[in-house]
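Notes for the one structure printed next.
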Amino acid sequence: MLIDYDPGFLDYCDNDEILDMVSQLIGPDIALWNTSFFAKPAGNGKRTPWHQDGEYWPIRPLATCTAWLALDDSTPENGCLRVIRGSHTARALRAHNTVTADDVTLNQELDAAEYDEADAVDIVLEAGQISLHDVYLLHGSEPNTSPKSRRGMTMRFMPTTSVFDRDLAREKAARLGIVDHSARQVFLLRGVDRSGQNTFQMRDR
C-alpha cells in the first residue's frame, strides 16, 4: 500500500473531485482502505487475468469502488484495462481458478465459462484521467508488448456501512495464497462510520 511508505499519497485520494464521483456510487460515508501502483513496463508488461476484485478483498458486506488514475496514456497497445460491461449488476462473485503461470500479475482467474471475451470493452485513458469500477466488475488486461509504459495508481474506497475484516483478510491470504491485507491502514475520508465496527487511522490535516 503506497500510503504505508509515503503518507503524501493520501493527498491524491482525499480529493473532492474524486470523492464527489465516488459518493455517487457508494454513498456519502467513504473510507479509503488501499492504494496501489501498477506498472506495465514497455515491452514486457504481464497480462492481468480476467477476475473480480471481490475475490480478493476482505470487505463485508462486499462493496468497493476502485478509482484507477492513469499516469501514462492507457491504450489497447500497452495493455489498458478491459471490462465486461454490465457484469457487476448481478452482485455476485463468479467461479475463479488458481493460475500458476509466470506471465500473469494475479493468481486467481475467472473460469472461462463465466464470461465471453468478445464482450470486452477497452477503457482508454489519457494520462491524468481516471476510471471507476465496481468490486463485482469482470475485468483484466492484455500484456504490454509496445514501446510505451502503462502505469497507474489505484485508490480503493468502501462505504462505511461495510467493515474491513482483518480476520477475513488473513483467511483469504492463507486460502488463496495472496497478499495478507490484515495490517492495512484504513482512513475515514468523508462522513462517519455507519457500521460502528471499523478502526480508522487518523490523518494529519
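The analysis underlying the following values was restricted to heavy atoms, covering all of them including side chains, and did not include hydrogens, waters or symmetry mates. The first residue in the sequence is number 1, and the count goes up from there.
At most 12 non-hydrogen atoms from other residues, nucleotides or ligands lie less than 6.0 angstrom from OH of Tyr12. Residue Arg85 qualifies as open at atom CZ: its count of foreign heavy atoms under 6.0 Å is 12 or below.
Membership of the apolar cluster around Val83 extends to Trp68, Leu81, Val121, Ile123, Leu125, Leu137, as traced through chained side-chain contacts below 4.5 Å between ILVMFWY residues. Applying the 4.5 Å side-chain rule to ILVMFWY residues, one finds Trp50, Ile84, Leu110, Leu138 in the same cluster as Tyr115.
Scanning both residues, Lys40 and Ser141, for their nearest heavy atoms gives NZ-OG, 2.7 Å. Heavy-atom minimum distance, Glu55 versus Leu93: N-CD2, 3.8 Å. Taking both residues in full, the closest heavy atoms of Leu62 and Tyr136 are given as CB-OH, 3.6 Å, listed atom of the first, atom of the second, then distance.
Using a 4.0 Å cut-off between charged side-chain N and carboxylate O, Asp73 and Arg151 make no salt bridge. The pair Asp122-Arg82 counts as a salt bridge, with a side-chain nitrogen and a carboxylate oxygen less than 4.0 angstrom apart. Using a 4.0 Å cut-off between charged side-chain N and carboxylate O, Asp180 and Arg166 make no salt bridge. Taking the charged nitrogens against the carboxylate oxygens, Glu142 and Arg150 have no contact shorter than 4.0 Å, which rules out a salt bridge. Looking at Arg156 and Asp53, a side-chain N of the basic residue comes within less than 4.0 Å of a carboxylate O on the acidic one, giving a salt bridge.
Among Trp57, Phe187, Phe157, the one residue that satisfies the ring pair (Phe, Tyr, Trp, His ring centres under 6.0 Å) test with Trp33 is Trp57.
Between the side chains of Asn34 and Ser36, at least one donor N or O lies within less than 3.5 Å of an accepting N or O. Side chains of Asp72 and Ser149: a donor-acceptor N/O pair is present below 3.5 angstrom, by distance only. If you check the side chains of Thr75 and Asn78, you find a donor sitting under 3.5 Å from an acceptor.
In this pair, Tyr56 and His51 present their aromatic rings perpendicular. The plane angle is above 60°, beyond the 30 to 60° band.
Residue pairs meeting the ring pair (Phe, Tyr, Trp, His ring centres under 6.0 Å) criterion with at least one member in residues 70-99: none, sequence neighbours excluded.
Residues passing the side chain to side chain contact (heavy atoms under 4.5 Å, CB included) test with Cys65 are Val22, Leu25, Ile26, Leu132, sequence neighbours excluded. Remark: Ala95 engages Asp111, Glu114 in a side chain to side chain contact (heavy atoms under 4.5 Å, CB included) (not counting sequence neighbours). With sequence neighbours left out, the side chain to side chain contact (heavy atoms under 4.5 Å, CB included) criterion links Thr35 to Met1, Leu2, Ile3, Cys13, Leu32, Met153.
At distances below 3.5 Å, at least one donor-acceptor pair connects side-chain atoms of Asp29 with backbone N or O atoms of Val192. Judged purely by atom type and a 3.5 angstrom limit, Lys172 has no side-chain atom pairing as donor or acceptor with the backbone of Val179. Asn144 places no side-chain N or O within donor-acceptor distance of the main-chain N or O of Gly79, the cut-off being under 3.5 Å.
Looking at Asp165 and Gln197, their side chains never come closer than 4.5 Å, going by heavy atoms from C-beta outward. Side-chain contact check for Leu19 versus Leu189: some heavy-atom pair is nearer than 4.5 Å.
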